[in-house]
Number of protein chains: 2
Amino acid sequence: MGVLEKGRLKPATVRSWVDVLPYDTILQQDCIEAMRALPAKSVDCIFADPPYNLQLGGDLNRPDGSAVDAVTDEWDKFDSLAAYDAFTREWLAEARRILKDDGTIWVIGSYHNIFKVGSAIQDLGFWILNDIIWRKANPMPNFKGTRFTNAHETLIWASTGEKAKYTFNYRSMKTLNDEIQMRSDWEFPICGGQERLKKGGTKVHPTQKPEALLYRIMLASTKPGDVVLDPFFGTGTTGAVAKRLGRRWIGIERETAYVEAARERIEAALPLDESALKTMQAPKSQPRVAFGQLVENGFLKPGTVLTDGKRRWKAVVGADGSLSCDGQAGSIHKLGATLQNAPSCNGWTFWNYEAADGLKPIDAIRQNYLLATQP
Amino acid sequence: MGVLEKGRLKPATVRSWVDVLPYDTILQQDCIEAMRALPAKSVDCIFADPPYNLQLGGDLNRPDGSAVDAVTDEWDKFDSLAAYDAFTREWLAEARRILKDDGTIWVIGSYHNIFKVGSAIQDLGFWILNDIIWRKANPMPNFKGTRFTNAHETLIWASTGEKAKYTFNYRSMKTLNDEIQMRSDWEFPICGGQERLKKGGTKVHPTQKPEALLYRIMLASTKPGDVVLDPFFGTGTTGAVAKRLGRRWIGIERETAYVEAARERIEAALPLDESALKTMQAPKSQPRVAFGQLVENGFLKPGTVLTDGKRRWKAVVGADGSLSCDGQAGSIHKLGATLQNAPSCNGWTFWNYEAADGLKPIDAIRQNYLLATQP
DNA sequence: TTATCCTGTGAATCGTACG
DNA sequence: CCGTACGATTCACAGGATA
């Protein structure tokens with residue numbers, strides 16, 4: 001379906017590739033095959049969410065014993081790192097051929113695959129414009145306490161070459177960000193709630209991306225009427241957002257279940273009005289300062305002695321921002337609660353340091369830190 | 001200076017590599033040469049901030065050893081990218097040789113080089129544990145308005161292999177972050193103010209890293225006394241923080257101006273005292289206490305009734321430290337798992353006893369036992 | 001009706017020691 | 001090498017149930 005017929009591509013009858021591209025359509029085919037059938041220099045933007053090649057071990061259970069529903073789908077399985085690398089270079093080479101000279105490509109990934117992707121992008125002659133960090137507001141925790149919480153994903157944004165022109169709607173981005181330049185780190189919640197496509201109570205796709213992410217991408221790097229290609233279409237977030245923003249789209253997806261869900265979804269999508277624009281803005285995250293940050297940044301030295309307002313207890317600041325007192329140790333809040341035998345305690349106001357003019361709550365130091373670091 | 005002499009490495013007189021390493025010293029040499037002279041499996045941690053400027057002349061050689069000329073045309077760009085790749089793989093291979101089996105490596109970079117670095121790290125058999133985002137609180141704006149403000153840098157943290165052990169001070173990180181798991185995105189201000197090394201009003205090093213960054217890295221992934229190697233030492237942030245935190249360090253740096261600045265700086269750094277260096281210990285590093293010991297030593301009487309937090313089950317303590325409930329019996333862990341129909345269960349936190357002020361987990365009794373019996 | 005509690009869940013390379 | 005036992009381990013948000 002939708003594949004180009006050679007006969008239609010005669011230069012004499014076709015004014016531009018745009019006239020023969022299969023717009024606003026899902027090509028249910030293998031990704032690379034479908035891309036090979038598309039003409040060179042024909043799309044304005046590519047957004048790609050390729051398989052991440054996760055290497056998961058056994059089952060993972062949460063501390064409460066329940067099981068984690070992991071990504072175990074066949075499409076994420078590759079024989080080796082080298083096989084994944086080869087696959088990556090193959091589809092990226094097609095992507096480069098299909099992109100117009102002034103087009104740009106976005107690829108999203110995690111540490112499992114993004115370095116292979118980025119390396120291939122550079123080798124193929126793309127020119128990286130930015131790497132963008134999607135900070136997840138609500139990531140899955142690290143249940144076993146073995147690593148840092150994997151709380152972000154990385155996007156690479158690249159043009160077709162060092163000297164290539166490209167679209168960047170600087171003003172739109174600045175407006176979207178309350179008149180401050182849009183930075184390379186974006187915060188969005190993961191896709192859930194009403195937005196998450198479900199069938200029979202279970203998620204249709206294990207890795208559905210939030211529309212807010214695609215919204216910002218298209219608003220930043222495409223113009224109305226541009227053609228956006230998504231070679232790993234999944235449940236069609238790209239198509240839904242493109243329709244809402246007045247862009248044209250082409251999706252490539254092999255799995256029937258995903259294709260059907262995407263069709264329904266895009267059919268139901270309505271062009272966006274101005275009021276909805278605001279809702280796509282990321283919520284302003286309030287600066288949260290951990291006690292440990294003050295220690296790390298030299299606002300409070302490890303070894304400093306803190307005391308409560310009535311000087312009943314003396315505690316020593318540890319290198320990791322812990323407090324120790326009489327053989328007990330913990331965070332400023334935990335230790336305060338333990339010593340008072342209370343269920344909870346606000347360590348910021350409970351603990352004090354000796355200032356020139358008497359005891360002062362450590363919250364004063366936090367305020368200093370905020371003043372020094374916030375613009 | 002400081003280079004190992006072969007004569008000192010005789011197994012008969014040297015008990016371990018640790019005895020012959022040039023500690024707390026700067027090796028003023030070429031990075032790769034100096035690394036080649038270091039013994040295999042000899043350092044606990046490597047922090048590397050490699051150059052990413054492709055025109056650092058001497059640093060960049062083609063695989064055949066010839067120098068790369070000035071970068072002007074397309075061909076040379078690919079050529080220099082390949083040369084950078086070769087350089088990266090060369091020093092990373094040495095790093096892997098020098099690292100102990102249970103050591104880890106950190107590499108920091110930007111989108112210019114981090115994908116090449118990460119790809120090489122994976123190809124060399126390292127196992128990526130996390131990629132970490134340093135969100136700059138005060139990044140340089142994009143003056144021309146042509147891209148997103150480049151407001152972060154990326155760190156890769158990797159062990160020596162998929163099954164390799166490694167140090168991760170989970171409790172310290174959680175304490176440092178106000179009792180919430182430390183995430184993969186870290187916010188720090190860029191290095192400035194008093195901390196920024198200057199000479200005659202101008203900065204000594206263009207990319208001096210903030211000490212807070214190294215502080216968190218070492219606190220997370222090393223133990224006191226560990227050896228931290230920095231093959232691109234620059235002005236010695238790694239050395240200064242290592243000294244403060246009671247870690248040993250080795251720096252490699254070729255430029256005399258940097259070496260001199262680093263020496264002065266580290267000389268002036270003050271080590272933290274013993275009490276402040278104590279960080280939150282993982283429970284698993286405490287001596288193991290069997291539940292039966294508490295019974296044997298009278299901390300808990302046989303016949304005591306225990307219950308889960310929601311009082312769904314009541315179990316009786318046996319004289320042998322077993323628990324019985326509804327005709328089922330077993331260890332505190334096994335019975336908890338069986339009753340909940342869960343794959344596993346931590347009996348210490350699952351089971352509670354009636355204290356004067358409500359239910360308390362039996363882990364509290366274990367803590368009392370530890371306090372009473374540990375020196 | 002509103003406030004609170006309880007439960008479910010998301011791209012995850014998720015343990016270790018001992019016999 | 002493998003099996004078994006110990007026992008360590010979760011954050012934010014949504015949605016439904018309860019008070």
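Values below: every heavy atom of this structure, side chains too, minus hydrogens, waters and symmetry copies. By convention in this document, chain letters (A, B, ...) are assigned in the order of the sequence lines, proteins followed by strands, and residues within each chain are numbered from 1. These numbers come from a predicted model, not from an experiment.
Closest to the side chain of B:Lys165, out of D:dA5, C:dA17, C:dT9, is C:dA17. Distances from the side chain of B:Arg366 to the nucleotides D:dT9, D:dA8, D:dA5 place D:dA8 closest. Side-chain proximity of A:Trp75 to the nucleotides C:dA11, C:dA12, C:dG10 is greatest for C:dA11. Among C:dC14, C:dA11, C:dA12, the nucleotide with an atom closest to any side-chain atom of A:Thr146 is C:dC14. With distances taken from any side-chain atom of B:Tyr170 to the nucleotides D:dT9, C:dG10, C:dA12, the minimum falls on D:dT9. The A:Met140 side chain lies nearest to C:dG10 when the options are D:dT9, C:dA17, C:dG10. Ranking C:dG10, C:dA11, D:dG7 by closeness to the A:Lys209 side chain, first place goes to C:dA11. Each of C:dA11, D:dC11, D:dC13 was ranked by its minimum atom distance to the side chain of A:Asn138; first place goes to D:dC13.
Atom-to-atom, CD1 of B:Ile362 to C1' of D:dG7 comes out at 11 Å; the value is rounded to the nearest Å. Note: CD1 (B:Ile332) to C1' (D:dG7) measures 8 Å, nearest angstrom. The nearest whole Å value for the distance from the CG atom in A:Asp69 to the C1' atom in C:dG8 is 12 Å. Following rounding to the nearest Å, A:Lys198 (NZ) and D:dG16 (P) show an atom-to-atom distance of 10 Å. Atom P of nucleotide C:dA11 and atom CD of A:Glu153 are separated by 7 Å, given to the nearest angstrom. Rounding to whole angstrom units, CZ of residue A:Arg147 and P of C:dC14 are separated by 6 Å. We find that CG of A:Leu60 is positioned 13 Å from P of C:dG10, with the value rounded to whole Å. When the C1' atom of D:dC11 is taken as reference, atom CG of B:Asp178 falls 15 Å away, rounded to whole Å.
One C1' atom belongs to C:dA11, the other to D:dC6, and the distance between them is 31 Å to the nearest Å. Comparing the C1' positions of C:dG10 and D:dA8 gives a spacing of 22 Å, expressed to the nearest Å. D:dT10 and C:dT7 have their C1' atoms separated by 14 Å, given to the nearest Å.
Among the atoms of the strands shown, base atoms are found under 4.0 Å from some heavy atom of A:Gly58. Within 4.0 Å of B:Ile128, counting heavy atoms only, lies at least one base atom of the nucleic acid. Here A:Pro50 lies in heavy-atom contact (under 4.0 Å) with a base. At a threshold of 4.0 angstrom between heavy atoms, the contacts of A:Cys191 with the nucleic acid are absent. Using a 4.0 Å heavy-atom distance criterion, A:Ala70 is classed as a base contact. When heavy atoms are screened at a 4.0 angstrom cut-off, A:Gly192 is found touching no nucleic acid atom at all. Here A:Asp73 lies out of heavy-atom contact (under 4.0 Å) with every strand.
D:dC11 is paired with C:dG10 under the Watson-Crick or G-U wobble criterion, all donor-acceptor distances under 3.5 Å.
Donor-acceptor pairing under 3.5 Å, judged by distance alone, is present between the side chain of B:Ser344 and the base of D:dA8.
The two residues A:Val71 and A:Pro206 have their closest heavy-atom pair at CG2-CB, 4.1 Å.
A salt bridge does not link B:Asp101 with B:Lys163: none of the charged nitrogens is closer than 4.0 Å to a carboxylate oxygen.
Comparing A:Asn142 and A:Gln208 along DNA chain C, the residue whose closest nucleotide (by nearest heavy atom) sits nearer the 5' end is A:Gln208. The residue among B:Lys310 and A:Thr207 whose nearest nucleotide of DNA chain C is located toward the 5' end is B:Lys310. Mapped onto DNA chain D by nearest heavy atom, B:Gly347 and B:Arg183 fall at different nucleotides, with B:Gly347 at the one closer to the 5' end.
Taking side-chain N and O atoms only, B:Arg288 has a distance below 4.0 Å to OP1 or OP2 of D:dG7. For A:Lys203, a side-chain nitrogen or oxygen approaches OP1 or OP2 of C:dG10 to under 4.0 Å. The phosphate of D:dG7 has OP1 or OP2 within less than 4.0 Å of a side-chain N or O from B:His333. For the pair B:Lys174 and D:dT10, the criterion of a side-chain N or O lying under 4.0 Å from OP1 or OP2 is met. Between D:dG15 and A:Gln194, a contact under 4.0 Å exists linking OP1 or OP2 to a side-chain N or O. Within the structure, every side-chain polar atom (N or O) of A:Lys144 is placed at least 4.0 Å from both OP1 and OP2 of D:dT10. Look at A:Ser66 and you won't find any side-chain N or O under 4.0 angstrom from OP1 or OP2 of C:dT9.
Contact of the B:Leu323 side chain with the B:Val317 side chain is registered, since non-hydrogen atoms from C-beta on lie closer than 4.5 Å. Side-chain contact between A:Ile133 and B:Asp185: absent, with no pair of heavy atoms (C-beta onward) separated by less than 4.5 Å. Looking at heavy atoms from C-beta onward, B:Ile362 lies out of side-chain contact with B:Arg366 at the 4.5 angstrom threshold.
Side-chain N or O atoms of B:Gln340 include one that pairs as donor or acceptor with a backbone N or O of B:Gly336 at under 3.5 Å.
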- Query: Should A:Trp91 and A:Phe232 be marked as a ring-ring contact (aromatic ring centres under 6.0 Å, His included) after you check the CA-CA gap, both sets of side-chain angles, and the distance that decides it?
  - Reply: CA-CA 10 Å; A:Trp91 75 257; A:Phe232 306 94; 5.1 Å; yes
- Message: With ring-ring contact (aromatic ring centres under 6.0 Å, His included) as the criterion, how do B:Trp134 and B:Trp186 come out once you've worked through the C-alpha distance, each side chain's angles and the decisive distance to 0.1 Å?
- Response: CA-CA 5 Å; B:Trp134 168 27; B:Trp186 303 352; 9.9 Å; no
